[in-house]
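See below for the structure under consideration.
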Amino acid sequence: MTITVLSHPLAAHYLTHLRDKTTKPANFRLLTKRLTVLLAIEATRSLETRQRSIETPMEAIDCPVLADPLVAVPILRAGLGMLDPIVEFFPDVSVGYIGLERDHETAAASAYYVKLPPKMDGRTALILDPMLATGGSACSAITKVKAAGAGQVLMLCIVAAPEGVARIQAEHPDVAIFTAGLDRELNAVKYILPGLGDFGDRLYGTEG
Ligand code: PRP
Ligand code: URA
């Protein structure tokens, strides 16, 4: 399946400021939301529409509206930083939550919370997680969302590492990935280089 890397000067500008280690949490949160809007616009470009009959003040007309409401699934904790703009732009969206945490030694992700909408009914799901590193968290979330009945699954991340992209492509080749930046590699402890550090810590001001 495809990986789409945002190609827009404004996205590049926001990402540069997000990477900058002097950027404080308040601005970090704002930049995350702005980049999420750009990612969501790109990721939902081919959503289906259906015709609805309306009347303008001038005449009757058939116009397109979104055919089906989306499901958004942020991966806690850092994915929460991407949720606000999605619920703002897609008012009929249903939201599910998956809590995953990487082990500091092995980088393996384990789930501590899963709450998905009871009826996914083949709907399109946007998985929100700013960092795609080894891909363990993303693949675990994708498996859970598919098992809950989602149709098309789209992965939105702010920064992706080649290792994580390869893992999704191997385990879930049907999932399209959208990212603002495709970085060089992972370091020995599975952090993304050049990356931007620990996203959750920078988002919520919990850096050591
Ligand atoms: C981070 C990030 C992703 C995950 C990516 O979460 O938000 O969920 O790591 O790494 P992976 O691709 O190797 O699985 P973390 O486990 O640090 O939890 P947090 O969001 O609660 O800080
Ligand atoms: N999670 C993060 O927050 N940052 C990384 O570089 C990798 C995983």
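We count ligands from 1, going down the list as the structure has it; atoms in each ligand are counted the same way.
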* side-chain contact (heavy atoms from CB on, under 4.5 Å) with P74: which of I127, V95, I98, D129? -> V95
* Does one side chain, of R102 or T134, offer a donor that lies under 3.5 Å from an acceptor on the other? -> no
Please give the N or O to N or O pairs under 3.5 Å between ligand 1 and the protein, distances rounded to 0.1 Å.
unit_1, atom_1, unit_2, atom_2, d
ligand 1, 7 (O), D129, OD1, 3.1
ligand 1, 8 (O), D129, OD1, 3.4
ligand 1, 8 (O), D129, OD2, 2.5
ligand 1, 10 (O), R102, NH1, 3.4
ligand 1, 12 (O), A133, N, 2.9
ligand 1, 12 (O), T134, N, 3.1
ligand 1, 12 (O), G135, N, 2.8
ligand 1, 13 (O), R102, NH1, 2.7
ligand 1, 13 (O), T134, N, 2.9
ligand 1, 13 (O), T134, OG1, 2.6
ligand 1, 14 (O), S137, N, 2.9
ligand 1, 14 (O), S137, OG, 2.6
ligand 1, 16 (O), R102, N, 2.8
ligand 1, 20 (O), R77, N, 3.2
ligand 1, 20 (O), A78, N, 3.1
ligand 1, 21 (O), R77, N, 3.3
ligand 1, 21 (O), R77, NE, 3.3
ligand 1, 22 (O), R77, NE, 3.3
ligand 1, 22 (O), R77, NH2, 3.0

* Are any non-hydrogen side-chain atoms of H172 and T143 less than 4.5 angstrom apart? -> yes
* Excluding sequence neighbours, so at least two apart, what forms side chain to side chain donor-acceptor pair (under 3.5 Å) with R167? -> E171
* To do: Find out if a path of hydrophobic residues (ILVMFWY) with successive side-chain heavy-atom gaps under 4.5 Å connects V159 to I168.
  => no
* Asked: If we ignore angles and hydrogens, is there a donor and acceptor under 3.5 Å between the side chains of T4 and R45?
  -> no
* Please list, chain by chain and in numerical order, all residues satisfying side-chain contact (heavy atoms from CB on, under 4.5 Å) with P64, sequence neighbours excluded. => T49, Q51
* **L186 reachable from L100 in the ILVMFWY side-chain graph, under 4.5 Å edges** => no
* Structure fact -> Lining ligand 2 at under 4.0 Å, by non-hydrogen atom distance, are residues R102, M131, A133, K190, Y191, I192, G197, D198, F199
* Asked: Roughly how far, to the nearest 0.5 Å, is CG of D183 from CG of L196?
  -> 8.0 Å
